[in-house]
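Before any comments, here is the structure.
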Amino acid sequence: MTYTIDEIAAALGAETAGDTSLRVNRLAEPAAAGAVDLALAMDPKYAAGLSEGRAQAAMLWPGADWRGLGLKAAIFPDRPRFAMAGVTRMMDRGQGFASGIHPSAVIDPGAELAADVSVGPLSVIAAGVRIGAGSVIGPHCHIGQDVTIGKDAFLREMVSIGARAVIGDRFIAQPGARVAGDGFSFVTAEPSNVESARKTLGDQGERKAQPWTRIHSLGSVEIGDDVEIGMNATIDCGTIRNTIIGDGSKLDNLVHLGHNVVVGRNCLLCGQVGVAGSVVIGDNVVLGGQVGASDNIFIGDGVIAGGGTKLLSNVPAGRTMLGYPATAMDKQMDIYRALRRLPRALRDIAALQKTVSKPDGDA
Amino acid sequence: MTYTIDEIAAALGAETAGDTSLRVNRLAEPAAAGAVDLALAMDPKYAAGLSEGRAQAAMLWPGADWRGLGLKAAIFPDRPRFAMAGVTRMMDRGQGFASGIHPSAVIDPGAELAADVSVGPLSVIAAGVRIGAGSVIGPHCHIGQDVTIGKDAFLREMVSIGARAVIGDRFIAQPGARVAGDGFSFVTAEPSNVESARKTLGDQGERKAQPWTRIHSLGSVEIGDDVEIGMNATIDCGTIRNTIIGDGSKLDNLVHLGHNVVVGRNCLLCGQVGVAGSVVIGDNVVLGGQVGASDNIFIGDGVIAGGGTKLLSNVPAGRTMLGYPATAMDKQMDIYRALRRLPRALRDIAALQKTVSKPDGDA
Amino acid sequence: MTYTIDEIAAALGAETAGDTSLRVNRLAEPAAAGAVDLALAMDPKYAAGLSEGRAQAAMLWPGADWRGLGLKAAIFPDRPRFAMAGVTRMMDRGQGFASGIHPSAVIDPGAELAADVSVGPLSVIAAGVRIGAGSVIGPHCHIGQDVTIGKDAFLREMVSIGARAVIGDRFIAQPGARVAGDGFSFVTAEPSNVESARKTLGDQGERKAQPWTRIHSLGSVEIGDDVEIGMNATIDCGTIRNTIIGDGSKLDNLVHLGHNVVVGRNCLLCGQVGVAGSVVIGDNVVLGGQVGASDNIFIGDGVIAGGGTKLLSNVPAGRTMLGYPATAMDKQMDIYRALRRLPRALRDIAALQKTVSKPDGDA
């Protein structure tokens with residue numbers, strides 16, 4: 001499929017220049033662009049790349065001299081990074097999943113699928129499932145008993161949704177995403193060594209066998225509108241009530257949410273983030289890759305945590321956090337700098353002690 | 001399904017009060033409880049919640065004045081947290097997997113399944129598999145060649161078990177759990193830069209191409225009774241012998257066990273724990289979320305490691321550990337406190353040096 | 001299947017001694033070895049084990065006295081660890097996947113499979129797929145539209161490959177490995193709180209709703225020859241161009257590669273490594289378990305990072321790194337040692353201050 005410069009600019013609400021009837025069919029980095037590609041050069045540093053490549057049209061930084069760059073047409077978006085969303089959506093070739101219900105899918109007669117829902121080969125849809133109009137269930141998916149999925153969902157291959165999950169509109173799930181497994185909640189008949197360690201912060205007394213008994217998850221998972229869940233991410237059920245993900249929040253690959261977690265609206269949880277049971281996360285929170293959050297804490301609105309941060313206690317709204325254990329980012333940067341000087345500081349202390357301990361107190 | 005207060009209390013061995021013939025059909029948090037819910041209010045802090053909700057029956061803290069709280073019936077468990085196990089087991093509505101062998105399952109004629117085993121739609125059971133009585137294999141599962149699974153297993157959807165794994169009774173596997181993939185073991189024809197770095201703890205000399213050759217995993221995985229494995233967790237095969245998980249141990253979502261690992265009995269490995277090859281873990285060990293363990297170390301009986309701890313060397317039995325690199329928890333807490341004061345301490349040292357270096361030694 | 005000592009030694013290019021016509025059918029640890037096992041005792045510390053077990057043949061350390069150890073035959077490999085690769089390859093019993101195309105597989109008529117390709121039960125092969133000679137696609141796999149896979153691939157169960165991925169020869173994928181999901185790339189219409197925090201390294205100003213808009217992934221994933229990907233690992237598509245994994249690189253279980261990442265040749269990425277978007281990794285790089293790399297950095301040729309290391313900025317070639325944030329390993333070891341002494345050092349500083357502040361400057 002090809003698009004004119006005009007069509008693209010109209011979709012983005014962007015200014016144009018030159019021959020806007022020119023057609024392109026692909027995006028490309030400037031140096032790698034061919035004659036029918038739209039080069040992405042939204043920063044002056046790409047000017048050299050444009051002359052290496054063969055693009056005739058480009059998306060450019062504000063004020064760029066498109067003629068001088070050898071182009072026939074140009075698009076000038078207001079906010080280049082945001083324009084990427086629009087132009088990549090237009091040009092996405094997708095996965096090629098066929099429309100309709102594949103004959104190999106196993107669909108319970110009690111499931112209610114809107115007329116235009118697609119179900120890929122070898123997917124299983126259990127009894128009591130309801131799926132809204134425009135939704136696409138990819139190949140090899142499992143939709144458990146009494147699950148509700150809203151309109152315009154897009155599930156890639158091998159997604160599984162456990163019983164009774166309730167999911168809003170425009171849900172996107174990447175391959176292998178798992179919703180509504182049982183929570184990890186176990187208890188011993190007698191107080192366990194973990195319970196005693198939490199009290200003492202120290203070593204446990206006598207050690208004895210402690211068989212764990214399961215606390216079953218009676219809740220499920222409740223997901224708002226416009227949520228996306230990454231490959232092989234895992235969302236546990238709640239114990240008594242549902243685990244909750246608010247509207248507009250996005251979870252990356254291999255993210256783990258424990259039982260009873262509440263994620264607010266418009267959060268980003270990056271790759272391999274782990275959130276332990278009963279954590280409450282506010283709105284607009286961004287957790288970098290491999291961030292961890294201890295059980296039962298809250299993380300206020302707008303908190304940002306850098307990659308690898310371990311949040312071990314409550315975090316007030318608006319904080320930018322870093323480190324293990326987490327502190328405010330600027331404090332952590334001071335600590336890092338100080339740490340590098342620490343081995344030398346210890347030698348300085350020893351020298352001072354030697355000096356000061358001299359009988360006459362002289363340097 | 002509904003239960004009388006009497007039936008629930010009998011199952012828990014708990015005391016009751018009031019109209020114990022009252023029927024409930026669900027558990028609920030106190031403030032959210034409806035008229036036919038059993039409110040869970042096992043701590044005095046929930047008293048206010050009870051009056052917000054409409055529960056007529058509740059599980060209460062010892063000595064609570066149930067009449068004063070406006071209830072018609074009450075259950076008083078001995079150990080409230082343990083009672084949760086019993087009551088959630090009673091009320092678990094499960095996944096609704098149908099009994100029997102689904103016609104779309106692909107089962108090798110050489111597999112031996114006990115008479116009452118269930119196999120969900122689109123599951124594959126290979127030759128030589130043996131599955132014990134009462135076991136339920138969910139939809140989309142793969143049970144590899146010559147695998148043995150004991151009695152009363154419950155496998156959720158999309159679980160895979162590689163060839164020759166041997167699994168005990170009452171095994172539970174959450175969606176996407178992976179047992180018996182190949183270990184991650186590679187060797188170069190000449191000593192690699194890792195081998196030289198391990199020797200010198202420092203930078204490597206000349207760098208050259210080093211193609212890796214696979215060491216195949218000839219062992220499989222051996223799992224005791226009462227083991228549970230979380231969503232998308234991964235358990236590698238052993239190299240020569242089996243990787244082993246002892247009776248009663250529970251692994252949370254996205255946990256990784258490398259080749260040759262031995263996990264003892266009644267351990268809890270929380271979300272995203274990673275255990276490198278050939279680690280030996282004792283009994284009653286609890287590893288918090290995102291804990292890591294370096295290859296070839298041992299972790300003694302009863303060790304507890306807080307979330308995010310990186311265990312880089314052997315840990316004696318009974319220790320409570322924290323940090324990266326891990327130390328005893330109390331030592332780590334001292335270090336954390338000291339770290340916060342470190343930037344200031346460096347300034348203090350500088351001031352002291354200035355003072356002491358004054359010719360006359362005066363302050 | 002059994003092998004003579006001669007056959008094994010010939011495959012390894014190793015020296016032998018004794019009755020090399022002796023047949024063995026399994027490898028074993030010395031103490032656990034039976035009469036028809038080949039004991040692996042490539043270090044003198046295993047001598048005692050050999051007398052506990054019943055092996056008649058062993059792979060031994062250089063110069064071992066095989067007769068004195070009670071053996072009838074011995075193999076003396078040059079580089080014992082490398083010999084493990086050869087001998088385990090010979091003895092690998094594999095997964096028992098049947099040859100040919102299973103009738104339950106769903107294969108698009110437009111897919112081009114070489115004549116001897118095997119496809120397991122319930123796998124899906126989409127239109128436009130090309131798979132080279134000798135490849136084995138296991139059960140429950142999904143190969144997306146227009147994917148190319150080279151010769152002699154081996155895909156275990158439940159592997160999924162998204163549309164347009166291009167994969168070289170001898171590719172190995174463990175159960176649940178995911179290639180070519182969408183990248184995690186979102187943008188707000190107005191600058192987000194992350195963008196402002198990156199600028200200020202500190203707290204964000206006013207907090208407002210910030211709905212995220214998706215940047216679609218138009219690239220796919222490009223994988224060289226001899227690459228292996230572990231269980232439930234996840235490889236994202238690139239945004240404009242492909243995400244790339246070079247020849248000979250191996251990724252362990254639960255590894256995450258973000259969009260646009262480039263991994264060089266002959267790298268090892270151990271369990272749960274997370275690599276954020278647009279990171280460029282050189283050749284011969286080894287990242288230990290749970291290592292993280294921040295987005296947009298480069299990691300030079302031959303870099304080694306110990307388990308748990310968080311690489312937050314560029315790493316020059318040849319460095320051995322450790323810690324969070326990462327430093328050169330020797331520097332980190334100094335910091336660790338100093339940290340343990342830090343609480344005491346702070347007390348020393350306080351004492352010094354007290355001493356020095358005395359009016360007469362005396363100790």
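Quick caveat: nothing in here was measured; it's all calculated off a predicted structure. Order of the sequence lines sets the chain letters (A, B, ...), proteins ahead of strands, with each chain counted from 1. Side chains included, hydrogens not; waters and symmetry mates left out as well; all remaining heavy atoms used.
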| Contact origin within Thr239(B) toward chain C - heavy atom pairs under 4.5 Å | side chain
| task | Against chain B, label Leu251(C) side chain, backbone, both or neither, depending on which of its atoms sit under 4.5 Å from a heavy atom there. | result | backbone
| task | Mind checking the CZ-CD1 spacing from Arg26(C) to Ile240(B)? Nearest 0.5 Å is all I need. | result | 9.0 Å
| query | Can you tell me how far CG of Asn253(C) sits from NE2 of His259(B), rounded to the nearest 0.5 angstrom? | reply | 11.0 Å
| message | Looking only at heavy atoms and a cut-off of under 4.5 Å, which of Asp283(C), Leu352(C), Leu122(C) has the most pairs with chain B? | response | Leu122(C)
| task | Identify the two heavy atoms, one from Pro325(B) and one from Arg340(C), that lie closest to each other, and give their separation to 0.1 Å. | result | CG-NH2, 4.3 Å
| task | Please state whether the side chain, the backbone, both or neither of Ala345(B) comes within less than 4.5 Å of a heavy atom of chain C. | result | both
| request: Could you check which of Arg341(B), Gln332(B), Lys331(B) has the highest count of heavy-atom pairs closer than 4.5 Å to chain C? | output: Arg341(B)
| note | Here the pair of heavy atoms bringing Arg81(C) nearest to Ser185(B) is NH2-OG, 4.4 Å
| Point-to-point distance, once rounded to the nearest 0.5 Å, from OH of Tyr336(C) to CD1 of Ile335(B) | 11.0 Å
| task | Please examine the side chains of Arg79(C) and Thr188(B), heavy atoms only from C-beta on, and report whether any two atoms are closer than 4.5 Å. | result | yes
| note | Between Gln290(C) and Lys310(B) the two heavy atoms that sit nearest each other are OE1-NZ, 2.8 Å
| task | Under 4.5 Å heavy-atom distance to chain B, tell me which part of Ile349(C) shows up: side chain, backbone, both or neither. | result | both
| Side chain, backbone, both or neither: which part of Thr309(B) has a heavy atom under 4.5 Å from chain C? | neither
| query | For Tyr324(C), is it the side chain, the backbone, both or neither that has a heavy atom under 4.5 Å from a heavy atom of chain B? | reply | both
| Contact part of Asp236(B) toward chain C, heavy-atom cut-off under 4.5 Å: side chain, backbone, both or neither? | both
| So what's closer than 4.5 Å to chain C heavy atoms on Ala180(B): side chain, backbone, both or neither? | backbone
| note | Heaviest contributor of heavy-atom pairs below 4.5 Å to chain C, chosen from Ala276(B), Gly274(B), Gly258(B), Gly308(B), is Gly274(B)
| message | I need the residue from Gly94(C), Gly248(C), Gly230(C) with the largest number of non-hydrogen atom pairs under 4.5 Å to chain B. | response | Gly94(C)
| said: Quick one, Arg241(B) with Glu29(C), criterion side chain to side chain contact (heavy atoms under 4.5 Å, CB included). Give me CA distance, side-chain angles, the key distance, then yes/no. | reply: CA-CA 8 Å; Arg241(B) 57 165 180 78; Glu29(C) 296 181 346; 3.4 Å; yes
| Is it the backbone or the side chain of Cys237(B) that comes under 4.5 Å from a heavy atom of chain C, or both, or neither? | neither
| CG/Leu339(B) to CG/Leu339(C) distance, rounded to the nearest 0.5 angstrom? | 5.5 Å
| query | chain B: which of Glu157(C), Met91(C), Arg156(C) shares the most heavy-atom pairs with it under 4.5 Å? | reply | Glu157(C)
| query | For atom CZ of Phe97(C), is the number of surrounding heavy atoms from other residues, nucleotides or ligands below 6.0 Å larger than 12? | reply | yes
| task | Check each atom of Leu38(C) against the heavy atoms of chain B and say whether the ones under 4.5 Å are side chain, backbone, both or neither. | result | neither
| query | Between Gly144(B), Ala189(B), Gly128(B), Ser104(B), which has the largest tally of heavy atom pairs under 4.5 Å with chain C? | reply | Ala189(B)
| said: Which one wins on heavy-atom pair count under 4.5 Å against chain B: Leu268(C), Leu27(C), Val286(C)? | reply: Leu268(C)
| More than 12 heavy atoms of other groups within 6.0 Å of Asp43(C) CG | yes
| Residue among Ala338(B), Ala351(B), Ser192(B) with most heavy-atom pairs under 4.5 Å to chain C | Ala338(B)
| query | When only pairs under 4.5 Å are counted, which of Gln272(C), Arg89(C), Gln174(C), Met90(C) shares the most heavy-atom pairs with chain B? | reply | Gln272(C)
Anything under 3.5 Å between a donor and an acceptor, one on a side chain of residues 212-221 of chain B, the other on a protein residue two or more places apart or in another chain? List them.
residue: Trp212(B); atom: NE1; partner: Asn266(C); partner atom: O; Å: 2.9
residue: Arg214(B); atom: NE; partner: Glu228(C); partner atom: OE1; Å: 2.7
residue: Arg214(B); atom: NH1; partner: Asp182(B); partner atom: OD2; Å: 3.2
residue: Arg214(B); atom: NH1; partner: His216(B); partner atom: ND1; Å: 3.4
residue: Arg214(B); atom: NH2; partner: Asp182(B); partner atom: OD2; Å: 2.6
residue: Arg214(B); atom: NH2; partner: Glu228(C); partner atom: OE2; Å: 3.1
residue: His216(B); atom: ND1; partner: Asp92(C); partner atom: OD2; Å: 2.7
residue: Ser217(B); atom: OG; partner: Gly183(B); partner atom: N; Å: 2.8
residue: Ser220(B); atom: OG; partner: Ala163(B); partner atom: O; Å: 2.9
residue: Ser220(B); atom: OG; partner: Arg164(B); partner atom: O; Å: 3.4
residue: Ser220(B); atom: OG; partner: Ala165(B); partner atom: N; Å: 3.1

| said: Given Val124(B), which partner from the list His102(C), Met158(C), His140(C) fulfils the side-chain contact (heavy atoms from CB on, under 4.5 Å) test? | reply: His140(C)
| request: Scan for ring-ring contact (aromatic ring centres under 6.0 Å, His included) pairs involving residues 178-199 of chain B, sequence neighbours excluded, and state none if there are none. | output: Phe184(B)-Phe186(B)
| remark: Applying a strict 4.5 Å limit to non-hydrogen atoms, the region of Ala126(B) in contact with chain C is neither
| said: If I compare all heavy atoms of Gly176(B) with all of Asn232(C), which pair ends up nearest, and what's the gap? | reply: O-ND2, 3.5 Å
| task | Among the options Leu254(B), Val275(B), Leu342(B), pick out the one with the most heavy-atom pairs lying under 4.5 Å from chain C. | result | Leu254(B)
| Heavy-atom proximity to chain C below 4.5 Å, by part of Ala293(B) | neither
| request: Pick whichever of Gly289(C), Ala350(C), Ala32(C), Pro139(C) has the most heavy-atom pairs under 4.5 Å with chain B. | output: Pro139(C)
| query | With only heavy atoms counted, which part of Ser294(B) is less than 4.5 Å from chain C, the side chain, the backbone, both or neither? | reply | neither
| Interchain contact, Val147(B) with chain C, by part (heavy-atom threshold 4.5 Å) | neither
